[in-house]
2 protein chains.
Amino acid sequence: MANDRPVSNAAAIALVDWGTTSFRLWLADREGTILAESRGREGMMHAAEVGFETVLSRHLSAVEAPPGLPVLICGMAGARQGWCEAPYVAVPALAENLAERAVAVACDLGEVRILPGVSQGDPERPDVMRGEETQLMGLAAAGTDDLVCMPGTHSKWVRFEDGAIAAFSTFMTGELFDVLSRHSILKHAVDPETGPKGVSEAFLAALRPDTPETALARIFALRAGQLLGFAERSDGAAALSGTLVGAEIGAAHSLYPSFETVTLVASGPLAELYEAALRQAGFIVTRADAEDATRRGLLAAGRQIWPERLNGTGRQ
Amino acid sequence: MANDRPVSNAAAIALVDWGTTSFRLWLADREGTILAESRGREGMMHAAEVGFETVLSRHLSAVEAPPGLPVLICGMAGARQGWCEAPYVAVPALAENLAERAVAVACDLGEVRILPGVSQGDPERPDVMRGEETQLMGLAAAGTDDLVCMPGTHSKWVRFEDGAIAAFSTFMTGELFDVLSRHSILKHAVDPETGPKGVSEAFLAALRPDTPETALARIFALRAGQLLGFAERSDGAAALSGTLVGAEIGAAHSLYPSFETVTLVASGPLAELYEAALRQAGFIVTRADAEDATRRGLLAAGRQIWPERLNGTGRQ
């Protein structure tokens, strides 16, 4: 699992992004330079079975972190069913709010803290996030202050205000694609072997962000269109993906109408799809790397929790 | 399976609605009066394994139908993977169009015909129906000529024009409820034991047909709202159902903006939910029984195919 030889004597902190199905640890010096990293598939679900402390200890050893090195964790390890619950911080949430509310975990590995998630306590639009708030803190540390789009199993759209997470919405776009293409009649219209295949014509044509309300009718039309010879099954995944992504962007546009620029936090093929879709919907897009934003956010919070161990003010 | 003693000598025709998972047969006299019926779960999927002719023969015997009695079938038995494909008739489709294109099935049970489905060959809005067209013909025979809402696993919204099926849309509302509540994160927010529980406050509050585009954001909020204490899991099914039904009605309203009246073809709890939702969205609702519409449609087509065996012109 270890990738680089550690420079343990310069190590100031270990940063961990502990997701539902993935684990990523970085060793950083006091300037925030990454010295080593260790990755694995021991996400929250797996760790809950084998022991969180066991998994963390294994990765700390893999990068030869010095004993007792402070560890700062974000993500699902802080969920109710995680290692140690870090209760949500309500919006509006600034980096300081998160760092102050990090919870200390009782364990034999020294100072281990887990950052809280963020909640939106509006009865009309209740919402929660866990892990994304740390990426957002990383963006805020780098000066982002507009609308942010974070695609994924549950896409997040976030409105910043004066550097704080002010409001957000969650779209189950990734998960909808998964359950529709595997468990509904659309499994006959989507070839699981062929994913969206990049920014294809079928993807772009299916977006139609101007009519998000009809997306629920258009998904059946994927099947009907193939039965009637208007479309090929090999384009089914791209068309379903385009329909759902277009519906998300169209709905987000109606929820956050005053924004023309958006920061897209994504990487890999998903980033390419969303950038093309956002541009087609008329947005001016700025790209931000998701993993980089996570590390920046962990460092910004780490500087507040352990100012004596890390240089800098948290804003770069 | 047989319910009533047959009056086989008066029997003029056997009418069959053969769905994906259900089978219903009625024996009718030349006036169209129902003499007997036989129901079962041998839908198309099951019959494809045990033999369509076997299933039909068993139900004809159950009502003691005279040998060689003409049989008229609608529904999935006419699909490509059914008993004998009855190719789609394209919109606009009148009762005459359907009756003329009924396909004769080669079998030992005498004259057996299957009515075609209907297709919408618009590349922008391709769509298909099979079985609903017969219900629609039943409505047309009784004079319905406005907008029709047919809730179900795949809800259909149909615009009539001069007694013909002119245009239609399909919403995967029922299937979306099923796959989301069983295969997505919402399985934690929906108690499978408690269905929508009738027209509840949670159902009505979740409708919000004025903003169908935000439905994809509101379904995650069902989960978040429960995590934050705004809602109970026991209301989860009602809230998910309301969100999806409201999105369907809102989208249909935007696709068929000129209609204020709608004929709702449904029965049982689903009919109560949709009637309440349609009224809340501002529609004037006329109810029509789904099964009655199927029988009327089969009789209307039967009169055209076998005028010598059935009295009446097809319009009642």
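Order of the sequence lines fixes the chain letters, A, B, ..., with proteins taken first and strands second; residue numbering starts at 1 for each chain.
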Counting only non-hydrogen atoms closer than 4.5 Å, does Arg182(B) touch chain A with its backbone (N, CA, C, O), its side chain (CB onward), both, or neither? neither
Out of Gly225(A), Ser184(A), Ser169(A), which one racks up the most heavy-atom pairs below 4.5 Å with chain B? Ser184(A)
Considering only heavy atoms and a distance below 4.5 Å, find which of Arg125(A), Arg208(A), Arg80(A) pairs most often with chain B. Arg208(A)
Should we count CD of Glu232(A) as having more than 12 external heavy atoms under 6.0 Å? no
Select, from Ala217(B), Ser155(B), Ala251(B), the one with the greatest count of heavy-atom pairs under 4.5 Å involving chain A. Ala217(B)
Provide the closest heavy-atom pair for Gln120(A) versus Leu228(B) in the form atom of the first, atom of the second, distance. O-CD1, 3.5 Å
Residue Arg41(A) excluded, over 12 heavy atoms near CZ under 6.0 Å: no
Can you name the closest pair of heavy atoms from Ala247(B) and Leu216(A) and give their distance? CB-CD1, 3.6 Å
Straight-line distance of Thr170(B) OG1 to Arg223(A) CZ, nearest 0.5 Å: 12.0 Å
Chain A heavy atoms under 4.5 Å from Leu255(B): which part of the residue, side chain, backbone, both or neither? side chain
Taking the side chain as everything from C-beta on, heavy atoms only, tell me whether Leu176(B) gets closer than 4.5 Å to Leu180(A). yes
Exam field: side chain Glu213(A) to backbone Ser254(B), donor-acceptor pair closer than 3.5 Å: no
What heavy-atom pair brings Ala221(B) and Pro126(A) nearest, and what distance separates the two atoms? CB-O, 3.4 Å
So which heavy atom on Phe230(B) is nearest to which on Gly121(A), and how close? CZ-O, 3.3 Å
Could you state the interatomic distance from CZ (Phe220(A)) to OG1 (Thr153(B)), rounded to the nearest 0.5 Å? 10.5 Å
Identify which of Ile185(A), Val179(A), Asp122(A), Asp178(A) forms the greatest number of heavy-atom pairs closer than 4.5 Å to chain B. Ile185(A)
Measuring heavy-atom distances to chain A, does Glu124(B) have an atom under 4.5 Å in its side chain, in its backbone, in both, or in neither? both
Classify the angle between the aromatic ring planes of His183(A) and His183(B) as parallel (below 30°), tilted (30 to 60°) or perpendicular (above 60°). parallel
Can you tell me if Glu201(B) has over 12 outside heavy atoms packed within less than 6.0 Å of its CD? no
